[in-house]
Amino acid sequence: MTNAELILEAKKAREHAYVPYSHHSVGAALVTKSGKIYYGCNVESASYSPTNCAERTAFFTAVCDGEREFEKIAVVGGMEGTDGNAPCAPCGVCRQVMMEFCDPENFKIVLANGEDRQLEFTLKELLPLGFGPANLET
Ligand code: THU
């Protein structure tokens with residue numbers, strides 16, 4: 001699947017975002033190494049802090065389905081009513097969750113960057129010197 005196609009999948013997931021407080025909707029499409037796609041949207045809460053970002057929704061859904069090896073994720077977002085074509089980069093917490101399951105040198109994060117244009121980063125580029133499972137190996 002191309003990055004452009006994956007962005008379209010993330011836009012589909014964004015349609016399910018539950019954002020009555022921020023009105024900022026986000027969608028994610030996460031590709032496993034076996035080629036499956038898992039979807040995520042942000043889900044907010046009246047008490048605010050339980051809010052789950054789109055990226056983590058996608059990761060936790062995939063892990064719950066037995067998946068632990070990932071290739072790339074596309075993320076789109078913006079205020080409700082916008083087209084989602086402006087870059088919406090993952091928050092720090094979501095980058096840390098990616099660090100738990102992904103090889104920072106190889107896992108790719110794809111963002112929309114205008115109509116039919118994309119940006120692509122490695123996890124290492126977005127989380128340099130990240131702390132992860134390898135740091136706890138003896
Ligand atoms: N949000 C995401 O879903 N992903 C991110 O990486 C950044 C922020 C959500 C959380 C909250 O529902 C809304 O965007 C505004 O912060």
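Keep in mind that what you see is a predicted model, and the values were worked out from it rather than measured. Just follow the structure's listing: the first ligand is 1, and inside any ligand the first atom is 1.
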Whether K12 and E9 form a salt bridge (side-chain N of Lys/Arg under 4.0 Å from carboxylate O of Asp/Glu) is what I want to check.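 Yes.
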Report all protein residues having a heavy-atom distance below 4.0 Å to some atom of ligand 1; order the list by chain, then number. S22, H24, V26, N42, E44, T51, C53, A54, E55, A89, P90, C91
Using the ring centroid of each side chain, check whether F70 and Y38 are separated by less than 6.0 Å.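 Distance test on ring centres: not under 6.0 Å, no.
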Between E105 and T122, is any pair of side-chain heavy atoms under 4.5 Å apart? no
Ignoring hydrogens and angles, tell me if any N or O in the side chain of N42 forms a donor-acceptor pair with the backbone of H24 under 3.5 Å.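 Confirmed, N42 side chain pairs with H24 backbone.
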K108 atom NZ, neighbour heavy-atom count above 12 within 6.0 Å: yes
Looking at Y48, I'd like to know if its OH atom is crowded, meaning that more than 12 non-hydrogen atoms belonging to other residues, nucleotides or ligands lie closer than 6.0 Å.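 Not buried by this count: 12 neighbours or fewer within 6.0 Å.
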